[in-house]
Amino acid sequence: MISFVIVNLITLSLTSFLLTVLYNKWGIPLLISKLLITIASVGINFIGTKLFVFTTKKERGIHI
């Protein structure tokens, strides 16, 4: 549960930062910025959950 929350907070932070950069700094229209960020967030969240949330400690190489 904690790793799920952490992955989602990281995704939220990255997408908020990227949306600010695309829209405010680079001047890309808001709708296009949101579409690009949505695609990026799905990828980031998929990778994060696949690597850190839905794996066992053994699959991650942690032996306790």
When hydrophobic residues are tied together by side-chain contacts of less than 4.5 Å, even through go-betweens, does Leu22 share a cluster with Phe17?
yes
Quick one: pull up CD1 in Ile10 and OG1 in Thr15 and give me the separation to the nearest 0.5 Å.
11.5 Å
Flag yes if Leu51 and Val7 sit in one hydrophobic cluster, no otherwise; membership is Ile, Leu, Val, Met, Phe, Trp, Tyr, and two members link when side-chain heavy atoms are under 4.5 Å apart.
yes
CD1 on Ile37 to OG1 on Thr11, rounded to 0.5 Å
12.0 Å
May I ask whether Leu19 and Ile32 are part of the same hydrophobic cluster, defined by side-chain heavy atoms of I, L, V, M, F, W, Y residues being less than 4.5 angstrom apart, directly or through others?
yes
Answer with yes or no whether the hydrophobic clustering places Leu14 together with Val21; edges join I, L, V, M, F, W, Y residues whose side-chain heavy atoms lie under 4.5 Å apart.
no
Minimum heavy-atom separation for Pro29 and Tyr23, please, with both atom names.
C-CD1, 4.1 Å
Is Lys25 close to Thr20 at the side-chain level, that is, under 4.5 Å between some pair of heavy atoms?
no
So does Ile2 have more than 12 non-hydrogen atoms from other groups sitting under 6.0 Å from CD1?
no
Grouping I, L, V, M, F, W and Y whenever their side-chain heavy atoms are under 4.5 Å apart, do Phe4 and Leu12 come out in a common cluster?
no
Quick check: does any side chain N or O of Ser41 sit under 3.5 Å from a backbone N or O of Thr38, one acting as donor and the other as acceptor?
yes
Straight-line distance of Ile39 CD1 to Ile44 CD1, nearest 0.5 Å
12.0 Å
Once you round to the nearest 0.5 Å, how far does CG of Leu35 lie from CD1 of Ile28?
11.5 Å
